[in-house]
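Beneath this line is the structure, given in structure tokens, with notes to follow.
The chains referred to below are lettered A, B, ... by the order of the sequence lines, with proteins before strands, and numbering in each begins at 1.
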Number of protein chains: 2
Amino acid sequence: MSCESRAIDQLRESGVRLTPQRAMVLEAIYHSDGHLSVEEVHERVQQLSPYVDLSTVYRTVMFLKQQGVIGELRLDGQPVRYEAVRFGQEHHHVVCSSCGAMIDVASDDLETLSELLDTKYGFEVNLVHLTLVGQCPACRNDQSR
Amino acid sequence: MSCESRAIDQLRESGVRLTPQRAMVLEAIYHSDGHLSVEEVHERVQQLSPYVDLSTVYRTVMFLKQQGVIGELRLDGQPVRYEAVRFGQEHHHVVCSSCGAMIDVASDDLETLSELLDTKYGFEVNLVHLTLVGQCPACRNDQSR
DNA sequence: ATTGCAGATGCGAAAATTTGCAACTACGAC
DNA sequence: GTCGTAGTTGCAAATTTTCGCATCTGCAAT
Ligand SMILES: [Mn+2]
Ligand SMILES: [Mn+2]
Ligand SMILES: [Zn+2]
Ligand SMILES: [Zn+2]
């Protein structure tokens, strides 16, 4: 039982097609520990099957993101990166705009916001792997000198 | 006194260079009411000065975003768009992934989150024009049939 | 007013991302 | 298992976005 089997089940249940390309992109991302660029995903998929096209990888990461099984990370001046959304390890990030430090934010920390948006606007939001920008503790100090 | 004068003051105070290109991009965005694509910004800037290059517009919107005087809107399958960040009208968005409906979310609604991130992680976040994804009230109903 | 220079611009070229389309295939119905 | 078809893929081409670099300029210091 591979580590992405839960994600595969989720795709099956939502009735979308499970092609070999999609399975391979999912596998590449789930078998990695960090955030991978599209190019990196492509390289790893090609190890498994050399004729998978880069454009397919682009289409597939978009698809998997919309299905909620992978998360996206966009930082200014860096290529977009993707990461597994593992059950029980859902998280977000805050990045320091001065030094680039990045921390994980527990998914639960956004629960209050999620409830507010439901109560006040009737929207049920999908908060998956958000990236917020700010100042880390160290840079806040430096700045105030 | 133009409507972007407050933003200009903000740039002056942070000690960055105020070039004509930057002023024109700012003007184009502030004199518009909606979210403009980079291409649209470029067209409007060229009305004022025909030799401003598209790459300059790209660099400038990035710059102005980082300065916090314009906000970014990224929706899957659509070009990135930019909008004025007007004092007293700061807001975020929630977009329905089913029907595309987009609503404004008051900036204050994220105050609790902002405080939590400070208290728990020591980060001071800049929450400027976020875009969250979810299901609007109507689509939540349709779905549950 | 003049000077000096870090940082911004225009332009061409490169790189990244998207798109159109004919061929292919996953998967539900039989 | 075979069939039918809506949805997916590979490929090439278009489009969007970024980058390198020589030149130019905003602005602080004098
Ligand atoms: Mn992550
Ligand atoms: Mn807006
Ligand atoms: Zn920092
Ligand atoms: Zn909707």
Between D53(A) and Y58(A), is any side-chain donor less than 3.5 angstrom from a side-chain acceptor?
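Not at all, the side chains of D53(A) and Y58(A) share no donor-acceptor pair under 3.5 Å.
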With a 3.5 Å cut-off and no angle check, do the side chains of Q66(B) and S97(A) form a donor-acceptor pair?
no
What's the [atom1]-[atom2] distance between [X] and [N], to the nearest Å?
| X | N | atom1 | atom2 | value |
| --- | --- | --- | --- | --- |
| Q66(A) | dG7(D) | CD | C1' | 15 Å |
| D53(A) | dT19(C) | CG | P | 15 Å |
| L54(A) | dT9(D) | CG | C1' | 13 Å |
| Q67(A) | dG7(D) | CD | P | 13 Å |

What residues in residues 36-52 of chain A put a non-hydrogen atom under 4.0 Å from any atom of DNA chain D?
Y51(A), V52(A)
Close residues, residues 70-84 of chain A, relative to DNA chain D [heavy-atom separation under 4.0 Å]
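Result for residues 70-84 of chain A: none.
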Testing the basics here: between [X] and [Y], what is the closest heavy-atom pair and its distance to 0.1 Å?
| X | Y | answer |
| --- | --- | --- |
| V85(B) | I70(B) | CG2-C, 3.4 Å |
| G77(A) | M62(B) | N-CE, 4.3 Å |
| L36(A) | A28(A) | CD1-O, 3.8 Å |

Summarise how protein sits on nucleotides 22-30 of chain C as a single string, 5' to 3': B when a protein heavy atom is under 4.0 Å from the base, S for sugar-phosphate-only contact, - for no contact.
---BBS---
Looking at H93(A) versus H129(A), is the centre-to-centre ring distance below 6.0 Å?
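Centroid distance H93(A)-H129(A): below 6.0 Å, so yes.
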Based on the rotation axes of five pairs at each end, what angle does the helix from dA1(C)-dT30(D) to dC30(C)-dG1(D) bend through, to 10°?
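Both end axes considered, the difference amounts to 60°.
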Would you say the side chain of [Y] lies within less than 4.5 Å of the side chain of [X], judging by non-hydrogen atoms?
| X | Y | value |
| --- | --- | --- |
| L113(B) | T112(A) | no |
| V52(B) | Q21(B) | yes |
| D118(A) | R140(B) | yes |

R44(A) bridged to E27(A) by N-O distance under 4.0 Å
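The answer is no: the pair does not qualify as a salt bridge.
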Side chain to side chain contact (heavy atoms under 4.5 Å, CB included) with [X]: which of [options]?
| X | options | value |
| --- | --- | --- |
| Y121(A) | V94(B), D104(B), V105(B) | V105(B) |
| E83(A) | H91(A), Q89(A), E72(A) | H91(A) |
| Y82(B) | V57(B), L73(B), V38(B) | V38(B) |

Look at the side-chain heavy atoms of Ile, Leu, Val, Met, Phe, Trp and Tyr, link any pair under 4.5 Å apart, and say whether V128(A) and M102(A) land in one connected group.
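Unlinked, V128(A) and M102(A) end up in two clusters.
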Does OP1 or OP2 of dG10(D) have a side-chain N or O of T56(A) closer than 4.0 Å?
yes
Going by number, which of residues 58-65 of chain A have a non-hydrogen atom under 4.0 Å from DNA chain C?
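Within residues 58-65 of chain A, the residues near DNA chain C are Y58(A), R59(A).
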Members sharing V133(A)'s hydrophobic cluster, built from side-chain contacts under 4.5 Å between Ile, Leu, Val, Met, Phe, Trp and Tyr, are none
